[in-house]
A.B. asks: 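A single structure is presented below for examination.
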Amino acid sequence: DQQVKQNSPSLSVQEGRISILNCDYTNSMFDYFLWYKKYPAEGPTFLISISSIKDKNEDGRFTVFLNKSAKHLSLHIVPSQPGDSAVYFCAASAKGSTSYGKLTFGQGTILTVHP
Amino acid sequence: KAGVTQTPRYLIKTRGQQVTLSCSPISGHRSVSWYQQTPGQGLQFLFEYFSETQRNKGNFPGRFSGRQFSNSRSEMNVSTLELGDSALYLCASSLTGTGAVQETQYFGPGTRLLVL
């Protein structure tokens with residue numbers, strides 16, 4: 001039962017254009033969503049997050065949008081740079097003792113930004 | 001502020017052996033979570049510790065265990081290693097891990113375990 005899904009295994013964009021990475025979830029108890037960037041054999045690096053009470057959060061070139069009714073979130077990177085090439089993971093957390101310290105991750109999307 | 005550190009970075013073991021991995025959280029963080037990353041299963045939650053107590057556990061066999069010390073440092077142990085335990089093991093820390101305040105988890109670089 002995959003509660004967080006990233007349906008696009010890979011995405012290729014040109015430098016300077018927009019990258020849009022998508023994520024869907026099924027668990028309505030999730031109330032906090034995060035995006036991480038990861039290089040092979042390294043730990044995930046936190047990028048940006050959004051609370052379920054918001055529908056948008058911006059941080060520099062990164063913007064995350066949340067559509068609660070559709071149980072969908074997306075990460076926009078504008079403009080995309082070659083250094084953004086990595087695997088991007090969507091993750092979600094919920095309140096409650098059964099969720100202490102637990103993030104549920106999507107399968108990841110490999111982003112390649114071509115110069 | 002120093003980030004999350006994990007030791008060792010790489011390990012090679014043989015089937016049947018046991019292994020202990022170590023994690024030092026960010027200073028002031030009291031919650032430590034462990035994850036396993038494999039190509040087939042992705043990033044999966046192993047367990048979480050807070051104040052030396054395991055508060056949450058993922059769907060892994062009892063061969064996977066852990067502990068936390070009074071300084072919040074944590075170790076995880078895998079006994080009777082199997083080939084399928086080859087993975088990147090990641091540790092993450094956060095302030096309280098309760099989700100009452102929406103907290104970010106910060107990850108260490110991971111320990112790459114290869115079981116032969």
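Everything quoted here is computed from the prediction, not taken from an experiment. Here is how names work: the chains are called A, B, and so on, in the same order as the sequence lines, proteins then strands, and each is numbered from 1. Quick note: numbers below take in every heavy atom, side chains included, and nothing from hydrogens, waters or symmetry partners.
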A.B. asks: Can you list every ring-ring contact (aromatic ring centres under 6.0 Å, His included) pair that touches residues 13-35 of chain A, not counting sequence neighbours?
C.D. replies: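 Qualifying pairs, neighbours excluded: A:Y25-A:F33.
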A.B. asks: Under a 4.5 Å heavy-atom cut-off, does chain B meet the side chain of A:L34, its backbone, both or neither?
C.D. replies: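 Side chain only.
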A.B. asks: Contact part of B:L43 toward chain A, heavy-atom cut-off under 4.5 Å: side chain, backbone, both or neither?
C.D. replies: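 Both the backbone and the side chain of B:L43 come within 4.5 Å of chain A.
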A.B. asks: Any side-chain heavy-atom pair from A:S12 and A:H114 closer than 4.5 angstrom?
C.D. replies: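 SC-SC contact between A:S12 and A:H114 confirmed.
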A.B. asks: Is the closest side-chain heavy-atom distance between A:D24 and A:T26 below 4.5 Å?
C.D. replies: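 Side chain of A:D24 against side chain of A:T26, heavy atoms only: no contact under 4.5 Å found.
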A.B. asks: For the residue pair A:K38 / B:Q37, report whether a side-chain donor-acceptor contact shorter than 3.5 Å exists.
C.D. replies: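 The answer is yes; a qualifying pair exists.
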A.B. asks: Can you find a side-chain donor-acceptor pair between B:Y35 and B:Q105 that sits under 3.5 Å?
C.D. replies: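 Looking only at side-chain atoms, B:Q105 and B:Y35 do form a donor-acceptor pair, the distance falling under 3.5 Å.
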A.B. asks: So, for B:S31 and A:G101, which heavy atoms are closest and what is the spacing to 0.1 Å?
C.D. replies: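 Heavy atoms only, the tightest pair is OG-CA, 4.5 Å.
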A.B. asks: Check for me whether the distance between the ring centres of A:F89 and A:Y36 falls short of 6.0 Å.
C.D. replies: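 Not under 6.0 Å, so no.
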A.B. asks: Should A:S51 and A:D31 count as side-chain neighbours, where that means a heavy-atom distance under 4.5 Å?
C.D. replies: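 Side chain of A:S51 against side chain of A:D31, heavy atoms only: no contact under 4.5 Å found.
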A.B. asks: Can you find a side-chain donor-acceptor pair between B:T14 and B:Q17 that sits under 3.5 Å?
C.D. replies: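 Yes - a donor-acceptor pair under 3.5 Å links their side chains.
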A.B. asks: Are there residues of residues 60-88 of chain B whose heavy atoms fall under 4.5 Å of chain A's heavy atoms? If so, which?
C.D. replies: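 Under the 4.5 Å heavy-atom cut-off, B:L88 qualify.
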A.B. asks: Who in residues 107-116 of chain B is close to chain A, using a strict under-4.5 Å heavy-atom cut-off?
C.D. replies: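 B:F107, B:G108, B:P109, B:R112, listed by number.
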A.B. asks: Of all residues at least two apart in sequence or in a different chain, which pass the ring pair (Phe, Tyr, Trp, His ring centres under 6.0 Å) check with B:Y49?
C.D. replies: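 Counting only residues at least two positions away or on another chain, B:Y49 forms a ring pair (Phe, Tyr, Trp, His ring centres under 6.0 Å) with B:F47.
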